[in-house]
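Got a structure for you, questions after.
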Amino acid sequence: MHLIALALIQGVTEFLPISSSAHLILPAQLLGWPDQGLAFDIAVHLGTLGAVIVYFRDDLAHFAASGWTLVARRERDEYSDLLLRLALATLPVVIVGFLLEDFVATQLRSVWVIAATTILFGLLLWFADRHHGAREAVTWRDALVIGLMQVLAIAPGTSRSGITITAALLLGLSRTSAARFSFLLAIPTIAGAALLTGIEIAAAREPARWGMLASAALLSGVAAYLCIRTFIALIERTGMLPYVVYRLLLGALLLLIGFGVWS
């Protein structure tokens, strides 16, 4: 039962600006659920990767066609430009994530760190939402700044989608454009993380329960797809305040856990 719950938690929280890592620590802290291992982690991430690929399948088809045209004919269009900007935005987290992987795994996974980042970046998201603009197109400068801000998401509790949407809003993009760029940026980011985890699994030769892993991937993928679709449909009407309030409540709960008040 707890495997189903963890798969759904990963799917629901991966793309909402509320931090999947903050949620995944709660079952372990409150219910004593064990770590499910690297194979389960990669399964649920592949599920969420599949969800964002399915949702943006038309954009990805345009990227493929425009990318080929760029390579073969040296001709650029709006899709090839966006593809290059996504590549630029991905580069900082690849470099910093590779350099700081061990530090993050050993030093930044405490309840205190996750509580602090959940609250701090929740407040920053609120500020950004109050000052968002109406621009639709992402510039090279936007892509670089959003990519640099995404580096902060290596700290658990920050929320990858949360910090990239925050950066985009601060730069003057509309809510919908901020969410779209953030979710497209998730594709190479999640794929890279899944690849690294897969290499670790191969090195450790961790035994795999394929039926359970396939079910976890499917559950997380369906949940993630529904979240992406709902979030983008409602974002202009709801804004970020509901997620900010939720993050503050979650951060408070994590602080209670840290102080031993709730255990």
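FYI, side chains are in, hydrogens and waters are out, and symmetry mates aren't considered; it's all heavy atoms of this structure.
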Starting at CZ of Arg247, measure out to CG of Leu250 and round the result to the nearest 0.5 Å. 8.0 Å
Donor-acceptor under 3.5 Å (Asp81 side chain, Glu78 main chain): no
Taking Phe181 as the starting point, is it possible to reach Ile232 by hopping between hydrophobic residues whose side chains are less than 4.5 Å apart? yes
Partners passing ring-ring contact (aromatic ring centres under 6.0 Å, His included) against His45 (at least two apart in sequence or in another chain): none
Shared hydrophobic cluster, Leu171 / Leu148 (ILVMFWY, side-chain heavy atoms < 4.5 Å): no
Any sub-3.5 Å donor-acceptor pair from Ser182's side-chain atoms to Ala178's backbone N or O? no
I'd like to check the salt bridge (Lys or Arg N to Asp or Glu O under 4.0 Å) partners of Arg130; sequence neighbours left out, ordered by chain and number. none
Keeping the roles fixed (side chain from Thr164, backbone from Ser161), state whether a donor-acceptor pair exists under 3.5 Å. yes
Evaluate the side-chain proximity of Asp129 to Val244: yes if any heavy-atom separation is below 4.5 Å, no if none is. no
Show your working on side-chain contact (heavy atoms from CB on, under 4.5 Å) between Val44 and Glu14 and close with a plain yes or no. CA-CA 10 Å; Val44 294; Glu14 178 66 38; over 6 Å; no
Using 0.5 Å steps for rounding, measure from the CG atom of Leu91 to the CG atom of Leu86. 13.0 Å
Can you tell if the side chain of Leu185 reaches within under 4.5 Å of the side chain of Ile146, non-hydrogen atoms only? yes
Smallest separation among heavy atoms of Arg229 and Tyr55, with atom names: CA-CE1, 3.8 Å
As an exercise, state the distance from CZ of Phe231 to OG1 of Thr176, rounded to the nearest 0.5 Å. 9.0 Å
According to a 4.5 Å side-chain heavy-atom criterion applied to Ile, Leu, Val, Met, Phe, Trp and Tyr, with indirect links allowed, do Trp140 and Leu173 form part of one hydrophobic cluster? no
Please find the pair of heavy atoms, one from Ala43 and one from Leu213, that lie closest to each other, and give the distance. CB-O, 3.6 Å
Joint hydrophobic cluster, Met240 plus Leu248, side-chain heavy atoms closer than 4.5 Å: yes
Evaluate the side-chain proximity of Leu82 to Asp59: yes if any heavy-atom separation is below 4.5 Å, no if none is. no
side-chain hydrogen bond (donor to acceptor under 3.5 Å, both in side chains), that's the test. Do Gln10 and Thr48 meet it? Break it down for me. CA-CA 8 Å; Gln10 175 64 36; Thr48 57; 4.7 Å; no
Please confirm whether the backbone N or O of Ser177 pairs with a side-chain atom of Arg135, one donor and one acceptor, at under 3.5 Å? no
Quick one: does Val245's side chain get under 4.5 Å of Trp126's, heavy atoms only? no
Of the non-hydrogen atoms in Leu3 and Phe40, which two are nearest, and what is the gap between them? O-CZ, 3.7 Å
side-chain contact (heavy atoms from CB on, under 4.5 Å) between Thr166 and Phe127, worked out: CA-CA 9 Å; Thr166 295; Phe127 177 82; over 6 Å; no
Measuring only between side-chain heavy atoms, which start at C-beta, is Ile165 closer than 4.5 Å to Tyr243? no
Measuring from atom CD1 of Ile119 to atom CG of Leu124, what distance do you get when rounded to the nearest 0.5 angstrom? 14.0 Å
When the ring centroid of Phe63 is compared with that of Phe56, is the distance short of 6.0 Å? no
Quick one: closest heavy-atom pair of Arg85 and Val138, and the distance? NH1-O, 2.8 Å
Hey, could you give me the CG/NE2 distance between Leu170 and His131, rounded to the nearest 0.5 Å? 9.0 Å
Trp112 meets the ring-ring contact (aromatic ring centres under 6.0 Å, His included) criterion, sequence neighbours left out, with Phe259
Between Val12 and Val52, is there shared hydrophobic-cluster membership here, with clusters defined by ILVMFWY side-chain heavy atoms closer than 4.5 Å? yes
Look up atom CG in Leu6 and atom CG in Leu219, then write down how far apart they are to the nearest 0.5 Å. 11.0 Å
Trace of the side-chain contact (heavy atoms from CB on, under 4.5 Å) decision for Thr69 with Tyr79: CA-CA 11 Å; Thr69 300; Tyr79 282 100; over 6 Å; no
Hey, are the side chains of His23 and Leu16 touching, using non-hydrogen atoms and a 4.5 Å cut-off? no
Assess whether side-chain contact (heavy atoms from CB on, under 4.5 Å) is satisfied between Ile187 and Leu60, documenting all intermediate values. CA-CA 10 Å; Ile187 295 175; Leu60 296 178; 3.9 Å; yes
Keeping the roles fixed (side chain from Arg175, backbone from Glu236), state whether a donor-acceptor pair exists under 3.5 Å. yes
Tell me the closest heavy-atom pair linking Gly221 and Ala51, and the distance in Å. O-CB, 3.2 Å
Looking only at non-hydrogen atoms, find the nearest pair between Thr117 and Pro156 and report the distance. OG1-O, 2.7 Å
